[in-house]
Amino acid sequence: MAHYLKNITTVSRRLRKLPFFTKAPIFFTNPTRINPQNCTAASCWNNCGFLDWGGFGYSTSSVEANGLAAMRLEDGGETHQEFLRWKNGGGIFHHLASIDPSSCIEVGAVIHSRAVLGADVYIGSGSIIGPGVAIGQSTKVGYNVALNNCMVGDFCIIHNGVSVGQDGFGFFIDEDGKMSKKPQNMYAKIGNHVEVGANTCIDRGSWRDTVIGDHTKIDNLVQIAHNVVIGKNCLLCGQVGIAGSATVGDYVTLGGRVAIRDHVSVVSRVRLAANSCVTRDIVESGDYGGFPAVPIREWRRQVAKHHISCKEVKIRPDRYRACVEKRWHSRLFAPSPHHRGRGSYYLLVPPRAC
């Protein structure tokens, strides 16, 4: 027994030298396997449930549970048995997570319980994969990404700073006149081959799932509110904002800073010019623009009329004096940028005003 205790002391000293086992106690996964008669330092090391692989202590129980070697973590003197360290990249994962051995989890990334990662998934540093999140094969998640209450398809690219699955913006005033939050209990579903630009936000649903169709490409700084459904093969340019419960069909292109009102439906194969605002349903395919959005030809006619009405028309100085004699306000006119003492002026109103 004295020899047995001596070997246990040797194992404890060896554990204290490891970077992730400082102040950590020894855990015996199967004490019945230890034979005090043949208890050497190496045999106690393996029988205590740890393997010496590459200079780190790996738990054989976590190897059996996850199919891959993992390191126990220690923080502030407490050993968190539920979180382990992934060997391919050094990230942290929960022991209840299901991760394909080919996945890469970089240092600083955290995978929570019941998360599912498919084959060849890459998780960048600083990213958080929340409980129950499912990520399809060959999907790349950039740095500082937060995924929660969502499912991501295969071959997707999620760029840096994206947030998916957070609560939508929904409130109401109760009987007492206080602001109360509407429940947000649904999910966000992202299809296959979808690319989401940096710092884009996609909210989870409240009464239906927020859906992004297959092969849809989303630019940076896009806001997609709760309950929004976007079809396949859509293009959303930068700073697009889609309000809650809107429905967008397939093959829709939204130019930069396009806004879509809540509970509005946009039919398939529609293109919206930049800075357009959709305030009512669009039921016919085609090109639209303006505020509110109208067919592109009508919008161009509106722009042309406005341009003509505000166009600066150059007039002669004698006509300028005649208009002044008729007591037209002097602010209707402005000096020409090429004045140079020649007496040229610009009329700031339509020509028929004089």
Side-chain angles (χ1 to χ4, degrees), residues 20 62 66-75 80-168 184 186-205 209-212 214 216-226 236 238:
F20 294 98
S62 60
N66 296 282
L68 203 89
M71 296 180 291
R72 298 187 183 277
L73 300 178
E74 180 247 336
D75 181 17
H80 300 287
Q81 296 294 324
E82 64 273 13
F83 281 96
L84 309 167
R85 190 174 297 277
W86 191 254
K87 79 162 190 178
N88 187 10
I92 300 171
F93 71 100
H94 197 276
H95 70 92
L96 295 180
S98 177
I99 305 175
D100 190 273
S102 62
S103 298
C104 176
I105 305 172
E106 286 195 353
V107 174
V110 179
I111 312 298
H112 284 269
S113 63
R114 302 185 308 278
V116 179
L117 273 64
D120 299 319
V121 170
Y122 172 86
I123 307 297
S125 297
S127 295
I128 307 296
I129 309 301
V133 172
I135 301 178
Q137 63 174 340
S138 301
T139 290
K140 181 179 179 181
V141 178
Y143 303 133
N144 300 319
V145 173
L147 302 181
N148 194 23
N149 307 305
C150 67
M151 290 176 284
V152 182
D154 303 334
F155 303 99
C156 294
I157 300 176
I158 310 297
H159 288 281
N160 305 336
V162 169
S163 295
V164 179
Q166 63 278 353
D167 287 350
Q184 309 286 323
M186 304 304 288
Y187 293 89
K189 296 181 179 179
I190 299 177
N192 302 324
H193 301 276
V194 174
E195 184 167 349
V196 182
N199 297 318
T200 289
C201 296
I202 303 175
D203 298 339
R204 66 188 296 197
D209 293 333
T210 302
V211 179
I212 309 298
D214 297 342
T216 291
K217 310 301 179 183
I218 302 175
D219 200 359
N220 303 334
L221 298 170
V222 172
Q223 164 64 24
I224 299 176
H226 55 187
L236 279 66

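One-based numbering along the sequence shown.
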For residues [X] and [Y], determine if any side-chain heavy atom of one lies less than 4.5 Å from a side-chain heavy atom of the other.
X      : Y      : result
Ile158 : Val196 : yes
Asp167 : His226 : no
Tyr143 : Asn160 : yes
Ser113 : Glu82  : no
Leu117 : Asp100 : no
His95  : Leu84  : yes
Ile224 : Leu236 : yes
Ile105 : Ile99  : yes

[X] and [Y]: which non-hydrogen atoms are nearest, and at how many Å?
X      : Y      : answer
Gly124 : Ala109 : O-CB, 3.5 Å
Phe93  : Arg85  : CE2-C, 3.7 Å
Gly153 : Asn192 : CA-OD1, 3.3 Å
Val121 : Gly136 : CG2-O, 3.1 Å
Ala198 : Asn220 : N-OD1, 2.8 Å
Gly130 : Ala115 : O-CB, 3.9 Å

Discussion item. Please determine whether the number of non-hydrogen atoms from other residues, nucleotides or ligands lying under 6.0 Å from atom OH of Tyr187 exceeds 12.
Written reply: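 Open.
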In this structure, are over 12 heavy atoms from other groups packed under 6.0 Å from Lys217 atom NZ?
->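 Yes.
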Look at the side chain of Arg204 and the backbone N and O of Ala188, then say whether any donor-acceptor pair between them is shorter than 3.5 Å.
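Judged by distance alone, no pair lies under 3.5 Å.
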Q.
Tell me whether Asn88 contacts the main-chain N or O of Ser103 through its side chain, where contact means a donor paired with an acceptor under 3.5 Å.
A.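 Here the side-chain-to-backbone pair exists.
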Selection residues 146-157 - residue pairs positive for side chain to side chain donor-acceptor pair (under 3.5 Å), sequence neighbours left out:
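Those involving residues 146-157 do not exist here.
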Rounded distance [0.5 Å steps], [atom1] in [X] versus [atom2] in [Y]:
X      : Y      : atom1 : atom2 : answer
Ile129 : His112 : CD1   : NE2   : 9.0 Å
Ile123 : Lys140 : CD1   : NZ    : 11.5 Å
Gln223 : Thr200 : CD    : OG1   : 9.0 Å
Thr139 : His193 : OG1   : NE2   : 9.0 Å
Ile202 : Gln166 : CD1   : CD    : 8.5 Å
Cys156 : Gln137 : SG    : CD    : 10.5 Å

ask   = According to the interplanar angle, ranging from 0 to 90°, do the rings of Phe83 and His94 count as parallel (below 30°), tilted (30 to 60°) or perpendicular (above 60°)?
value =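 Rings of Phe83 and His94: perpendicular, as their planes differ by over 60°.
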Applying the side-chain contact (heavy atoms from CB on, under 4.5 Å) test to Val164, which of Asp203, Ile190, Val133 qualifies?
->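 Option passing the side-chain contact (heavy atoms from CB on, under 4.5 Å) with Val164: Ile190.
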Review point. Got a sec, which residues hit side chain to side chain contact (heavy atoms under 4.5 Å, CB included) with Asp120, two or more places apart in sequence or on another chain?
Key: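 Side chain to side chain contact (heavy atoms under 4.5 Å, CB included) list for Asp120, sorted by chain: Ser102, Ser138.
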